[in-house]
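All remarks here apply to the structure that follows.
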Amino acid sequence: MKDKKPKSVFKEGAITSDFIGNSIYKHQTKTSIGAHNIFLGQVRADEIDGKTVSAIEYTAYEDMANQKSHDIRESAFEKFELTCMHIYHSLGTVKAGEICLFVFVSSPRRKVVFEALEFIVEAIKADVPVFGKEIFEDESHQWKKNT
Amino acid sequence: MKDKKPKSVFKEGAITSDFIGNSIYKHQTKTSIGAHNIFLGQVRADEIDGKTVSAIEYTAYEDMANQKSHDIRESAFEKFELTCMHIYHSLGTVKAGEICLFVFVSSPRRKVVFEALEFIVEAIKADVPVFGKEIFEDESHQWKKNT
Amino acid sequence: MQITIKYFGQIAEVTKLEEESLEFSGSLVSDLIEVLNKKYSKLINKDFQIAQNQELVSNETEITGQEIALLPPFAGG
Amino acid sequence: MQITIKYFGQIAEVTKLEEESLEFSGSLVSDLIEVLNKKYSKLINKDFQIAQNQELVSNETEITGQEIALLPPFAGG
């Protein structure tokens, strides 16, 4: 049994460029870092059968999602020499063009950040129970599915 | 012979987190993008023989560096399905903890951004004539060399 | 035994609720799916996985009555 | 022929200038290196490559008199 709740990765609504910029700024005091790698997931205005996606509404099985994100974090630190690592995912409505996923890894050396970031993003997509309802401009919807 | 000068990748001094945040913000109008990947090079306060690096002073063979960066850009667009791509490198003094390299790639899909970003960063390190003088706290220096 | 089931996303759309308690007399995950398919006929065409105590489980796993959830395909990021 | 050479980083530290014009009577890059090693004895211990017209060239390349540069190891990023 897990003895304490892991930190939440969720933020209500879109992740702003200010938040990301500020997060980068905070790492400038960590002078052992030589390389950062950042992944951002942005909501696409996909056209499906003549209708355009205007937003995605995210929900999650939050407890499991936070636990799985915590597990991914632990195994990333075990596999790769990372100085720090952050994961943020949106809940609720994120409009097309806005950012819904922000993953940030930092290390003394660059080789490791590329590998680590891809590992983490793929694990999030595969293992973290987040659900996305694609809302079209006419307010109809369909359910998103990761590929 | 090259018929026109490629765009400069250089910026005087450190690349600020505001500049990076703003660059992310500008991409929110491009709603075909689904994934961004960003690499940031940060100056490390390495300790070498008991002395600590306080800054790096960057110089470059600017014409050749811009031409090589342009070539890297062209071959990245040829190899990978990218929506956009940006490279910025500092010239002059960048203090430990500050950012000296900012590479930004965006694509409809995520798989391609990981590969593309690593390709571009490795090519910049190998092919772009930028030189770095590591300044220690006692004002002595040594010349940096990419590995 | 009394079990509590959570529904998410497209599955919650079918069940029209996010959580319910059921009296369950089977033993395996597959027994539970059978019960639910009877209760919600539209579930049969839906793609979902079952998590017990926040871990995905197979049809042959025994139901212990801890936190159970029906999860449609993940769409994070 | 009259050629112009640019020096960068650690190399400019040795030559104490960033650019100069030389009368050059050899034909290959290796001939030029020999001339420069004589002029700047400390160059012998330094690691550098030569670019002609903004492309790295080998010792066997012919000097055409276009933009020539001595480049120490790259340290971008």
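The analysis underlying the following values was restricted to heavy atoms, covering all of them including side chains, and did not include hydrogens, waters or symmetry mates.
In this structure, the portions of Ile33(A) lying under 4.5 Å from any heavy atom of chain B include both its backbone and its side chain. No part of Leu101(A) comes within reach of chain B, as not one of its non-hydrogen atoms sits under 4.5 angstrom from that chain. For a residue to count as touching a neighbouring chain, one of its non-hydrogen atoms must lie under 4.5 Å from one of that chain's; by this rule Lys125(A) touches chain B with the side chain only. Neither the backbone nor the side chain of Val103(A) comes within less than 4.5 Å of any heavy atom in chain B. Val53(A) does not touch chain B: none of its heavy atoms, backbone or side chain, sits under 4.5 Å away. Heavy atoms closer than 4.5 Å to chain B are found in both the backbone and the side chain of Asn37(A). For Ser32(A), the part sitting under 4.5 Å from any heavy atom of chain B is the backbone (N, CA, C, O) and nothing else.
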Worked verdict on Gln42(B) versus His27(A) for side-chain hydrogen bond (donor to acceptor under 3.5 Å, both in side chains): CA-CA 10 Å; Gln42(B) 185 166 298; His27(A) 286 75; over 6 Å; no

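Minimum interatomic distance between Ser17(A) and Gly21(B) (heavy atoms only, all atoms of both residues): CB-O, 3.2 Å.
Counting heavy-atom neighbours within 6.0 Å of Phe10(B) CZ, excluding the residue itself, gives a total above 12. More than 12 heavy atoms of other residues, nucleotides or ligands sit less than 6.0 Å from atom CZ of Phe119(B). Residue Glu137(A) qualifies as enclosed at atom CD: its count of foreign heavy atoms under 6.0 Å is above 12.
With respect to Phe39(B), the ring pair (Phe, Tyr, Trp, His ring centres under 6.0 Å) criterion is satisfied by exactly one of Phe104(A), Phe114(A), Phe39(A): Phe114(A).
One N or O on the side chain of Arg44(A) and one on the backbone of Pro108(B) form a donor-acceptor pair closer than 3.5 Å. At distances below 3.5 Å, not a single donor-acceptor pair connects side-chain atoms of Glu118(A) with backbone N or O atoms of Glu115(B).
Interface remark: of the candidates Thr52(B), Val121(B), Asp18(B), Val121(B) forms the most heavy-atom pairs closer than 4.5 Å to chain A. Chosen from Ala96(B), Ser23(B), Gly34(B), Ser106(B), the residue pairing most often with chain A at heavy-atom distances under 4.5 Å is Gly34(B). The choice from Glu47(A), His36(A), Lys95(A), Arg109(A) that makes the most heavy-atom pairs within less than 4.5 Å of chain B is His36(A).
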